Amino acid sequence: MRTGLCGLLGPADVDQRVALCGWVARRREHGEHLAFIDLRDHTGIIQCVVDGRLDVRSEYVVRVEGVVRRRPEGTVNPRLSTGEVEIHDCTLEVLAAAETPPVPIVDRVEADEALRFKYRYLDLRRTKMQANLRLRATVNGALRSAMERNGFCEVETPLLWSPTPEGAREFAVPSRLHHGSFYVLPQSPQLAKQLLMVAGFDRYYQIARCMRDEDTRADRTVEFTQLDLEASFVSQDDIIAVVSDAVAHASEAVTGARPAEITRITWADALDRFGTDKPDMRFSMELIDLSALFATTSVRAFSAPSVKALVLSGGGSLGRARIDALIERAKGLGAPGLAWFRVVPGEGGATLESPLAAHLSDDERAGILAISGAVEGDLVLAIAAEHDLACGVLGNLRVHLGAQGVAEGEHRYVWVVDFPMFEGLDEEGNPAAAHHPFTMPHPEDLERLESDPLSVRSQAYDLVLNGWELGSGSVRIHRADIQRRVFDALGLSPEEAQARFGFLLEAFRYGAPPHAGFAIGLDRLIAIFAGEESIREVIAFPKTQSGADLMTGAPKPLADGALRDLGLVRAPAKK
RNA sequence: GGACCUGUGGUGCAGUUUGGAGUGCACGCCGGCCUGUCAAGCCGGAGGUCGCGGGUUCAAAUCCCGUCAGGUCCGCCA
């Protein structure tokens, strides 16, 4: 039907007779005897010169036969990859007419996202969206080749899986043959891949679709993709090396540059210095610890286990309205308050200006300046509270005040290691698993599992890029005795553990190798590679914030007959 | 579960603060003119339930209440 592709033609093809197929991107008519048609396919645009009138409109699908020639002197278009040539002596066949598209198919106009979703197949015709999805394919290919090179075997795991009442809400799938029973769609292939280790696959990977019935964000949606991997007889460092290599390989395939060695930071340091477990390393603005300075203070607002602060360089010019908004934000995040100090010129050098400043001692005022290093024109923000809360709120403010878009500027990866094993207490007073209950405790902390569980670190690790969590993994527990102790610490009885994960525990009785793994959020990685702030820009058919598909209308009610087949009855509408 | 933002011809916006005739801009669409344009140009034209419902008012795109949809964020996401 065609001899080549639109965007690949150039001076080398001059005098060739070609047949091209594509969509009419634009037409420019110049009277009775001259018209230009920009023909578009996935490779680009070529200008076709037509002698005479024709009735082709935007987005008609046409086949053009003609001869490639150099454009006449002075008519070369340097903004077009094919701008040196054009097709002339054209005959044109309309393969399909098209209505005027409801969304513009040009990159410079961004239609409303809801409309783009409804007509996604038109939105995807745009150069940018074509590039995004093709970049995604490039990344997938690079990751596959890196995994294969490292000896990983691709295995597909089930989408219809068993409910495990833990973690994220799961999507349920009713069974036709087992009325009243349900499959669930996997939040991740976690247990399946551990079983593959028991099965002796040694190194497994999969580009796996995962589903979580949770509220969404710019960086999360209900259905997403992970590069999932697991390996036997390996340490945390081995997994970190493999994942680093895979990401570097993908980055090289996309940007041409291999990223530098990825630095590491402990979870405790990340929280203390950046107020988050996913620090954005592209800018400093680190948190400052004023706890020692205020350890014996008489100022009630600063009497707290921890006093942390943040210097906003040049922030002294912020008006009261902006500062009040920051205070509201801090309070909204749970902080008891937010103290602020403008650094202003004083009699003996810089001094602090604030409603609170008069209540502070001279030493305290001088200490704030000395420890923070703030200079005239800066704004110092401080929170006195429990350590984790003070850090967390300031970490949020740090990103709010200092961060650029996730996809802007350089790519700064960081490994966050030594996560805590448990994350506070649940309603019954038991420690809550910070990762999942199969995560191996840090060997140095194992002895405190019973005596001081909240101080136990785990062998869990996250990869962070520009403040987004790219993925996480851990060394898994493969020994029954340690697993028993962790379940005990979580308050999980043997009976409950058996009911939830019995098939996994049973498998482990038959010889489980030491193993560890990881999962990389591909949508996030690709979004950042593509320069996008939302993962929806790199997903072919994304869902809305409420999990709806505006193109198909899903989710939809099922007909009564279909419900009957599934053994379901419609509940009365919620009021 | 909560906070906030947005909703105006096919598209993108302005108009909403301070109520006064569906007013404006750009693109697109339709028709005409045009032999070197490329976001073509020029002339003309069509196209509207101002998301939806209610309220206040002599009068509502504009104010109030509710609701729906989309988005950002908090909670949530082992």
Side-chain angles (χ1 to χ4, degrees), chain A residues 25-39 45-53 55 57-59 71-80 82-83 86 88 99-119 122-123 164-170 187-188 190-191 210-222 224 325 328-334 392-393 396 399-400 419 421-424 426 431-439 458 460 469 472 474 486 490 492 500-501 521 533-534 536 542-548 550:
Chain A
R26 194 161 280 109
R27 79 197 154 114
R28 296 177 290 279
E29 287 190 62
H30 290 255
E32 220 172 322
H33 294 293
L34 179 65
F36 299 100
I37 288 181
D38 287 345
L39 188 66
I45 280 178
I46 181 79
Q47 173 168 280
C48 305
V49 186
V50 181
D51 182 8
R53 292 181 176 278
D55 193 26
R57 304 289 164 130
S58 286
E59 300 308 317
R71 290 196 181 191
E73 191 78 11
T75 63
V76 166
N77 183 354
R79 296 199 306 172
L80 214 56
T82 60
E86 62 190 13
H88 76 130
E99 291 179 20
T100 302
V103 288
I105 305 184
V106 288
D107 283 312
R108 78 197 133 81
V109 184
E110 190 91 329
D112 181 75
E113 204 176 6
L115 262 182
R116 294 176 56 208
F117 285 175
K118 182 170 182 193
Y119 299 101
L122 297 180
D123 188 50
T164 52
E166 184 97 32
R169 274 189 291 267
E170 297 164 319
Q187 310 165 34
S188 90
Q190 180 61 39
L191 302 186
C210 306
M211 274 68 75
R212 293 180 187 172
D213 192 1
E214 296 287 349
D215 289 358
T216 68
R217 292 281 192 282
D219 63 346
R220 332 192 301 227
T221 182
V222 292
F224 60 101
E328 282 313 302
R329 186 181 182 91
K331 286 182 175 170
L333 293 167
V393 173
N396 181 296
V399 169
H400 176 66
F419 271 73
M421 188 75 189
F422 305 105
E423 209 170 44
D426 64 17
H435 198 55
H436 59 61
F438 314 110
T439 301
S458 68
E469 181 194 316
S472 58
S474 63
V486 169
L490 290 168
L492 206 61
R500 290 187 193 180
F501 321 112
E533 303 287 327
S534 161
R536 296 186 297 272
K543 300 195 172 35
T544 67
Q545 191 162 52
S546 67
L550 298 180

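These numbers come from a predicted model, not from an experiment. Each chain gets a letter, A, B and so on, in the order the sequences are listed, and its residues count up from 1.
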Any side-chain N or O of [X] less than 4.0 Å from the OP1 or OP2 oxygen of [N]?
| X | N | value |
| --- | --- | --- |
| Ser546(A) | A69(B) | no |
| Arg26(A) | G28(B) | no |
| Arg27(A) | U37(B) | no |

In whole angstroms, how far is the [atom2] atom of [N] from the [atom1] atom of [X]?
| X | N | atom1 | atom2 | result |
| --- | --- | --- | --- | --- |
| Tyr119(A) | G70(B) | OH | C1' | 15 Å |
| Asp123(A) | U11(B) | CG | P | 14 Å |
| His33(A) | U37(B) | NE2 | C1' | 17 Å |
| Arg116(A) | G71(B) | CZ | P | 11 Å |
| Glu533(A) | G71(B) | CD | C1' | 14 Å |
| Ile37(A) | A39(B) | CD1 | C1' | 17 Å |
| Leu550(A) | G51(B) | CG | P | 18 Å |
| Glu113(A) | A69(B) | CD | C1' | 13 Å |

Measure the spacing between CD1 of Ile46(A) and CG of Leu80(A) and express it to the nearest 0.5 Å. 7.0 Å
Atom pair CD/CZ of Glu29(A) and Phe36(A) - distance to nearest 0.5 Å: 11.5 Å
Taking the side chain of [X] as heavy atoms from C-beta outward, which of [options] is closest to it?
| X | options | result |
| --- | --- | --- |
| Ser58(A) | U37(B), C77(B), C29(B) | C29(B) |
| Arg217(A) | G75(B), U11(B), G71(B) | G75(B) |
| Arg220(A) | G70(B), C74(B), G75(B) | G75(B) |
| Thr75(A) | C38(B), G71(B), G12(B) | C38(B) |
| Arg28(A) | G70(B), G36(B), C38(B) | C38(B) |
| Arg536(A) | G71(B), C74(B), U35(B) | G71(B) |
| Gln545(A) | G36(B), C29(B), C73(B) | C73(B) |
| Thr544(A) | G36(B), G71(B), U72(B) | G71(B) |
| Thr100(A) | G10(B), C29(B), G36(B) | C29(B) |
| Leu115(A) | G70(B), A39(B), G12(B) | G12(B) |

Are the ring of His30(A) and the six-membered base ring of A40(B) within the stacking cut-offs of under 5.5 Å and under 30°? yes
[atom1]-based separation of [M] from [N] [nearest Å]:
| N | M | atom1 | answer |
| --- | --- | --- | --- |
| C74(B) | C13(B) | P | 25 Å |
| C27(B) | G41(B) | C1' | 15 Å |
| G12(B) | U6(B) | C1' | 14 Å |
| G20(B) | U62(B) | P | 10 Å |
| C5(B) | C43(B) | P | 42 Å |
| C68(B) | G31(B) | C1' | 40 Å |
| U72(B) | G53(B) | P | 28 Å |
| A26(B) | G36(B) | P | 26 Å |

G-U wobble or Watson-Crick pairing nucleotide for [N] (cut-off 3.5 Å, both distances):
| N | result |
| --- | --- |
| G45(B) | C29(B) |
| C76(B) | none |
| C63(B) | G55(B) |
| A69(B) | U6(B) |
| G24(B) | C13(B) |

Side-chain contact test, heavy atoms from C-beta onward, threshold under 4.5 Å: evaluate it for [X] versus [Y] and give yes or no.
| X | Y | value |
| --- | --- | --- |
| Val106(A) | Arg26(A) | yes |
| Asn396(A) | Arg329(A) | yes |
| Thr164(A) | Arg500(A) | no |
| Lys543(A) | Arg536(A) | no |

Give a yes or no on whether a donor-acceptor pair under 3.5 Å exists between the nucleobase atoms of [N], that is its base, and the side chain of [X].
| X | N | answer |
| --- | --- | --- |
| Glu32(A) | U35(B) | no |
| Arg329(A) | C74(B) | no |
| Glu29(A) | G41(B) | no |
| Arg212(A) | C76(B) | no |
| Asp215(A) | G75(B) | yes |

NA contact type, [X], heavy-atom cut-off 4.0 Å: base, sugar-phosphate, or nothing?
| X | answer |
| --- | --- |
| Pro104(A) | sugar-phosphate |
| Arg79(A) | sugar-phosphate |
| Glu73(A) | nothing |
| Ala434(A) | sugar-phosphate |
| Asp51(A) | nothing |
| Ala432(A) | nothing |

Carboxylate-amine/guanidinium contact Asp38(A) Arg28(A), below 4.0 Å: yes
Under 4.0 Å between a side-chain nitrogen and a carboxylate oxygen: does that hold for Asp213(A) and Arg169(A)? no
Other residues, nucleotides, ligands: >12 heavy atoms within 6.0 Å of Lys118(A) NZ: no
Which residue, Gly31(A) or Phe36(A), contacts RNA chain B at a nucleotide closer to its 5' end, judged by nearest heavy atom? Gly31(A)
For Gln47(A) and Asn77(A), run side chain to side chain contact (heavy atoms under 4.5 Å, CB included): C-alpha distance rounded to whole Å, both residues' side-chain angles, the deciding distance at 0.1 Å, then the answer. CA-CA 10 Å; Gln47(A) 173 168 280; Asn77(A) 183 354; over 6 Å; no
